[in-house]
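Here is the structure we will look at.
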Amino acid sequence: MATLVVIDEGSAQSKATFKSAEGNIVTRVVPSRIAEQAKVDINGYAESAYFTEEGGEYTVNGDFDDIIRTNIPSYQISEANRALVHETLRQSGFGGHSVRVAVTLPMSQFFSRVKGSPINQKLISSKKRNVLGGIKSAAGHSLAEIIDCKVYPEGIPALFDTIRDDSGELKPGFEDAMKILVVDIGGTTTDVSVVTPNGTIESYDSFQTGVLMVAERFSELAAPEFGLKRIPRAMAEEALKTGKLKNIEVKNLIEKATRNVMQTILRELEAMVSTPTLLDRVLIVGGGAALMGQDLAEAMGVEALIPEQPDMAISRGIYKLETIKSNM
Ligand SMILES: Nc1ncnc2c1ncn2[C@@H]1O[C@H](COP(=O)(O)OP(=O)(O)OP(=O)(O)O)[C@@H](O)[C@H]1O
Ligand SMILES: [Mg+2]
């Protein structure tokens, strides 16, 4: 049977979870940086350059200045998104193999606020069709053959990753009647939902702020200190992860750069949940959880669960859900 590869292709990075040939669950990250051009290097077309059946040209994963926007709704059903999915599969070693994929849509797009049709079926079908669309590697690599595509919402699957074991049972300390606040701090969006362990959504909201805004602010603050005109996004993101820029400690600058985004998230959370201490658990995921999850929890006056590699939580959670389903 074709291998399942879960790809949570967010606006900042594409996160894949799959089983290796040795049977281990592995994860892989590819930055969501896509230029609308088939780039050329000394060997010819770049390894990650693509031609789509519609006639489009894209190159993924470079440190380009001319990257397209990945945080607008039309991106979700774009040829650029298809190129990123294939590049993630290629880098994960699935070139020339048959795969089933599961991809994600931001919560605000997956769910509709229309009474009677809570799920945005039309957009989900378009996304599936787009992922299954035709594409070729410009450099002549064999690509994965995607034989099926499922679409999941972002956010909620992270809960399954954290509170259920591999057979789908609730881990000790969790009960069906609990209400859990899930905060997913991504690159450009922060999704907040109150969910029960079986996935029933009590409420949710989504707002446009995230780690890429911190990265931008960090670039503005750090560029003059380092005598640079600007700091490329890839470098700024790396600095946020490592706490260093050009091998120099920049924790203070990162803290300063994080402040505004954290305040925005705090205000939005306050508007949504007036008494966070009444919630049974608070789960903070997404790359932003690694950056500011602990400070956020402190400021809210709650204890929060922050999983390891919190940016992978949704991808891992969907993998777990799919595995549990196929064993039922
Ligand atoms: N340990 C870390 N420390 C600091 N930043 C991190 C860490 N891990 C990941 N990040 C950064 O967090 C950001 C958000 O990552 P994430 O994968 O959650 O975003 P996304 O899902 O692509 O975005 P969105 O959900 O908004 O579409 C990325 O810019 C990533 O570089
Ligand atoms: Mg995300």
Side-chain angles (χ1 to χ4, degrees), residues 6-17 27-34 60-61 63 67-73 75-76 78 80-81 84-85 88 102-110 127 151-159 161 182-193 204-219 231-245 250-251 253-255 257-258 261-262 264-265 268 283-296 306-318:
V6 174
I7 306 177
D8 171 23
E9 13 78 77
S11 62
Q13 38 178 30
S14 168
K15 284 89 50 188
T17 303
T27 57
R28 172 129 212 149
V29 174
V30 176
S32 306
R33 289 196 279 270
I34 311 154
V60 185
N61 194 26
D63 181 19
I67 51 177
I68 61 153
R69 287 184 68 138
T70 52
N71 64 338
I72 47 173
Y75 163 74
Q76 295 295 337
S78 67
N81 180 269
L84 177 64
V85 167
T88 308
V103 295
T104 56
L105 268 176
M107 282 185 88
S108 59
Q109 289 171 59
F110 186 94
K127 174 134 188 160
V151 180
Y152 276 88
E154 291 168 21
I156 302 167
L159 188 66
D161 170 54
V182 182
V183 184
D184 171 18
I185 309 171
T188 57
T189 315
T190 295
D191 283 327
V192 183
S193 40
Y204 90 87
D205 208 347
S206 197
F207 39 95
Q208 296 295 313
T209 194
V211 179
L212 293 184
M213 280 75 155
V214 177
E216 242 168 63
R217 183 77 191 117
F218 173 79
S219 299
I231 291 167
R233 189 175 103 186
M235 213 173 170
E237 276 185 77
E238 193 54 30
L240 296 186
K241 278 187 188 167
T242 59
K244 284 186 178 164
L245 184 66
V250 283
K251 293 235 167 72
L253 284 180
I254 294 176
E255 232 182 85
T258 309
V261 166
M262 204 176 101
T264 308
I265 296 175
E268 297 285 349
L283 171 65
I284 310 181
V285 297
L291 187 66
M292 61 183 113
Q294 214 53 58
D295 293 344
L296 205 61
I306 301 173
E308 255 177 62
Q309 286 189 298
D311 51 342
M312 299 298 314
I314 293 168
S315 179
R316 284 191 309 243
I318 296 173

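When a residue number appears, it is its place in the shown sequence, counting from 1. Indexing begins at 1, ligand by ligand and atom by atom, following the structure's order. All values derive from a computational prediction rather than experimental measurement.
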Among Thr188, Thr264, Thr189, the one residue meeting side chain to side chain contact (heavy atoms under 4.5 Å, CB included) with Thr209: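 Of Thr188, Thr264, Thr189, side chain to side chain contact (heavy atoms under 4.5 Å, CB included) with Thr209 is met by Thr264 alone.
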Looking at [atom], what's its closest protein heavy atom, distance included?
atom                    : result
atom 20 (P) of ligand 1 : Lys15 NZ, 3.4 Å
atom 23 (O) of ligand 1 : Gly187 N, 2.7 Å
atom 29 (O) of ligand 1 : Glu237 OE1, 2.7 Å
atom 27 (O) of ligand 1 : Ser11 N, 2.7 Å
atom 22 (O) of ligand 1 : Ala12 N, 2.7 Å
atom 15 (O) of ligand 1 : Gln13 NE2, 3.3 Å
atom 7 (C) of ligand 1  : Lys241 CG, 3.6 Å
atom 12 (O) of ligand 1 : Gly287 CA, 3.2 Å

Quick one: closest heavy-atom pair of [X] and [Y], and the distance?
X      : Y      : value
Gly293 : Ile306 : C-CD1, 3.6 Å
Leu245 : Val250 : N-CG2, 3.7 Å
Ser193 : Ile156 : OG-CG1, 4.3 Å
Asp191 : Ser206 : OD1-OG, 2.5 Å
Ala239 : Ile254 : O-CD1, 3.4 Å

Please state which part of Glu9 comes within less than 4.0 Å of ligand 1, counting heavy atoms only: side chain, backbone, both or neither.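 Near ligand 1, Glu9 shows nothing, with every heavy atom at 4.0 Å or more.
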Can you tell me which portion of Val211 lies within the under-4.0 Å heavy-atom range of ligand 1? Options are side chain, backbone, both, or neither.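 Only the side chain of Val211 comes within reach of ligand 1.
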Got a salt bridge between Glu308 and Arg316, using NZ or NE/NH1/NH2 to carboxylate O under 4.0 Å?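 No salt bridge links Glu308 with Arg316.
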Charged N-O contact under 4.0 Å between Arg233 and Glu238: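 Salt bridge absent between Arg233 and Glu238.
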Counting N and O atoms only, with roles assigned by atom type, does the side chain of Ser11 sit under 3.5 Å from a partner on the main chain of Asn71, one being a donor and the other an acceptor?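 Flag not set: sc Ser11 to bb Asn71 has no pair under 3.5 Å.
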Relative to the heavy atoms of [X], which atoms of ligand 1 are at a distance of less than 4.0 Å?
X      : value
Thr188 : 26 (O)
Thr189 : 26 (O)
Leu240 : 3 (N), 4 (C)
Gly286 : 18 (O)

Any side-chain heavy atom of [X] sitting closer than 4.5 Å to one from [Y]?
X      : Y      : value
Ile318 : Thr104 : yes
Val183 : Leu283 : no
Val192 : Tyr204 : no

Please report whether ligand 1 has a polar contact with [X], defined as an N or O pair separated by less than 3.5 Å (distance criterion only).
X      : value
Asp8   : no
Ala290 : no
Leu212 : no

For Ile185 and ligand 1, answer yes if some heavy atom of the residue is under 4.0 Å from a ligand atom, otherwise no.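 Yes, Ile185 has heavy atoms under 4.0 Å from ligand 1.
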Which one of Arg233, Gln76, Glu154, Met107 has a non-hydrogen atom at the shortest distance from atom 25 (O) of ligand 1?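 Comparing heavy atoms across Arg233, Gln76, Glu154, Met107, the nearest one to atom 25 (O) of ligand 1 lies in Glu154.
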